[in-house]
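To start, the structure itself, in structure tokens.
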Amino acid sequence: MTPKKLGLKQRYALMTRGLDWETTYQPMDKVFPYDRFEGIKIKDWSAWEDPFRLTMDAYWKFQGEKERKLYAVLDAFAQNNGQTGISDARYTNVLKLFLTGVSPLEYQAHRGFAFAGRHLRGVGPRVAAQMQSLDELRHVQTQIHTISHYNKYFDGLSEFRHMHDRVWYLSVPKSFFDDARTAGPFEYMIAIGFAFEYVLTNLLFVPFMSGAAYNGDMSTVTFGFSAQSDESRHMTLGIEVIKFLLEQDADNLPIVQRWVDKWFWRGHRVLGLVAMMMDYMLPKKVMSWKEAWEIYFTEAGGSLFTDLARYGLKVPKYADVATADAEHISHQNWATFYQYTHAAAFHTWMPDRAHMDWLSEKYPNTFDKYYRPRFEMWAEMEKQGQRFYNNSLPQLCQVCQIPMVYTEPGDPTKIAFRCSQVEGETYHFCSDGCKDIFDAEPQKYVQAWMPVQQIFQGNCGGASIPDVLAWYRLNAGADNMDYVGSPDEKLWNDWHAAAARAAG
Amino acid sequence: MLNALDTAEYLDHVTVRDARKNFHGNILVYVHWEDHLSFCAAIAFPLPPTLSFGALVSDVIAPAYAAHPDAARIDWSKVEWQIDGVRMVPDLSLSLEANGLGHKSLLRFKTPGLHGWKGSAN
Amino acid sequence: MAQIASITLLHNDDARPIIEAILADNPGCRVLNMPGAVKLDRDDELVVRRASVEARIGRAWDPQELQLVIVSMAGNLDEDDDHFTLSWKH
């Protein structure tokens, strides 16, 4: 009689349980020094469930298959000069922002999950965290590999790693992950596994990657959706970790709630960069940021938090403010980069009339009233040869590190200013959300590396803008400034002129 | 090696990165022009605390905002000032410090009659 | 408001029979087409059945193969050898 094939549940149990052991010559608390100090109480690590029930052997099989599919597409894209078939060279600016701002976060996530996989005491979450750590390494590698093809032709990509640690606006995503990785392993799992992966990552990868497909970038949509296929597993890990913590001990609830509030707000601020990509930088648009927010936060987040209410967990604090912000954030961010175009490693432009009409249609409550006049004023100044630049450095929020551009809830004509005093020093914030985060842990954020303050302290190559840009390794005149007049634009026009000549 | 799990040891190593002493004798001052959001945020300046308020206005603030079409029409004698949330009338001959500006103070100003491009606060 | 169980799949040949199976097995399922991907939403619960997919592709199919075409999902997951279920029911 042939032995019966084991079912998925049995296979998973056999391949993940009993892999660990109780230590004998060192106390367990010394081997796992970081899983107590955050105050989280775990009674039974074996209660951890991975609903995907993915075992290491199946993991390698599926990941190998995904890689083969991805690299087949990348080869085809390169061999067929896919870069000439994108909707417009303006599109490549989203890749510049992605490679400098997001891809290094994948590496940070890899390190963070490796840490969590080492330092959580239960074997179930350790296996899941290790798989996710490997996934994140795969993501950063495939992203660099994919975008390296564009680097052969377009500016602003070659120094992405150097820039990530230095350029003013890249401190926003960088400090977000630095904050998560300097927390304990449980906060990290809630920050990245739950708040980022489950609640917010769809907003980054689904409509945006669909946008890549729509704009003819077959290679980016392929790495994007290949990464996102891992993301579904990460989302499951995120939701499991929160259910596990809430089921283990009632005392965990207030700690977890504070982390959910904090990381929802931090993630919302970081994703403002994606909002701007979707509403302003994709030449052909899939959906507005506001529509994406409605689908992926209001609707999907609504279902999720209804479910988690049975543990007493509430919708993140200021979720209502974030939803109201969805009417403004992309416009406010694009206006910021437009006026600081000389200090950005990608190109900017004013939306043309058709684009502004699209924005009016998608943002009937806000665009015509608050933002169209600003853009019309700048377009007018441009026409008169007085292109608007802001040559001063902006005030930054001590927590999210974004220039303090955001407006009062309910009044888009007034900048929101918040501050706190700690030991005689003043700290400024863009919002109640960021102020709350600071006030809960001031000793962490007083140490923040604030790009503007660092320039003034003399730590960024010099006092002039050219000195600082050189320190960023930003190739002034090529990487920065408006798209119109850039080497990228010239290259694109040359390609199209050549194609037109060839077509006769 | 630092043991970050020991609270006392951790607090002992916390450095306030933007303390006044790190700015080479300057203080950091933030300036914001109300109703002119085409300047996306308040502007940061490292300034000698001995600088006169008058020089701040003529040599620092006015040039920083000169690109705006409203800038040439500002009547500086009518401007309303606020330091760290408190309305005040500056003495132009006195220093920043004597006028109440400290390290990381926020100086906001309103220009009566000027409310941005076509009155749109931009 | 109903809680929405949801799955987003690549819009390619590997996923097409799975999408068909989902639409057949989940009455009331709503479809959002995006460039490159398709999002399927249903109130409370959405099921992918092994047997339904196999009937369409004519070979054995393991629900874990969904890993190759899935883009995103929402709902609590229950997966075994015969189905992949996303649900908000308890």
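Heavy atoms only: backbone and side chains are in, while hydrogens, waters and symmetry mates are out. What you see is a predicted model, and the numbers here were worked out from it, not measured in a lab. Residue numbering restarts at 1 for every chain, and letters A, B, ... go by the order of the sequence lines.
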Backbone N/O of Tyr370(A) and side chain of Asn122(B): donor-acceptor pair under 3.5 Å: yes
Under 3.5 Å donor-acceptor, Gln386(A) side chain and Pro69(B) backbone: no
Part of Trp449(A) lying under 4.5 Å from any heavy atom of chain B: both
Contact class of Phe417(A) relative to chain B, heavy atoms under 4.5 angstrom: side chain
Taking every non-hydrogen atom, the tightest pair across [X] and [Y]:
X         : Y         : answer
Ser38(B)  : Phe388(A) : O-CE2, 3.4 Å
Asn390(A) : Cys40(B)  : ND2-N, 4.3 Å
Ala44(B)  : Pro394(A) : CB-O, 4.1 Å
Ala448(A) : Asp18(B)  : O-OD2, 4.4 Å

Check whether [X] gets within reach of chain A through its side chain, its backbone, both or neither, counting any heavy atom under 4.5 Å.
X         : answer
Tyr10(B)  : side chain
His32(B)  : side chain
Tyr30(B)  : side chain
Lys104(B) : both
Ala121(B) : side chain

Salt bridge (charged side-chain N to carboxylate O under 4.0 Å, His left out) partners for Lys414(A), two or more places apart: Asp35(B)
Tell me, out of [options], who's got the most heavy-atom pairs with chain B below 4.5 Å.
options                                    : value
Glu376(A), Gln454(A), Gln339(A)            : Gln339(A)
Gly458(A), Pro373(A), Cys419(A)            : Pro373(A)
Met381(A), Gln457(A), Met404(A)            : Gln457(A)
Tyr371(A), Phe37(A), Tyr445(A), Tyr340(A)  : Phe37(A)
Met377(A), Gln453(A), Glu380(A), Gln332(A) : Met377(A)

Derivation of the side-chain contact (heavy atoms from CB on, under 4.5 Å) call for Phe39(B) and Ile415(A): CA-CA 11 Å; Phe39(B) 291 93; Ile415(A) 297 283; over 6 Å; no
Closest-packed option against chain A by number of heavy-atom pairs under 4.5 Å, given His36(B), His24(B), His115(B):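 Max contact count across the listed options: His24(B).
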Top contributor to chain A interface from Leu28(B), Val16(B), Asp84(B) [non-hydrogen pairs under 4.5 Å]: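 Answer, by heavy-atom pair count under 4.5 Å with chain A: Val16(B).
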Atom CD of Glu423(A) with >12 non-hydrogen neighbours under 6.0 angstrom: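 For Glu423(A), atom CD is not crowded (no more than 12 foreign heavy atoms under 6.0 Å).
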Lys444(A) atom NZ, over 12 foreign heavy atoms within 6.0 Å: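 For Lys444(A), atom NZ is crowded (more than 12 foreign heavy atoms under 6.0 Å).
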Step-by-step side-chain contact (heavy atoms from CB on, under 4.5 Å) determination, Phe456(A) to Asn26(B): CA-CA 9 Å; Phe456(A) 290 150; Asn26(B) 289 323; over 6 Å; no
Separation between CG of Leu106(B) and OG1 of Thr426(A), rounded to the nearest 0.5 Å: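 Output value for this atom pair is 10.0 Å.
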Point-to-point distance, once rounded to the nearest 0.5 Å, from OG of Ser105(B) to NE2 of His428(A): 7.0 Å
Stepwise side-chain contact (heavy atoms from CB on, under 4.5 Å) check, Leu37(B) with Thr407(A): CA-CA 10 Å; Leu37(B) 296 192; Thr407(A) 46; 4.0 Å; yes
Selection residues 80-105 of chain B - residue pairs positive for ring pair (Phe, Tyr, Trp, His ring centres under 6.0 Å), sequence neighbours left out: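 Every ring pair (Phe, Tyr, Trp, His ring centres under 6.0 Å) pair that includes a residue of residues 80-105 of chain B, provided the two are not neighbours, is Phe23(B)-His103(B), Phe53(B)-Trp81(B), Trp81(B)-Phe109(B).
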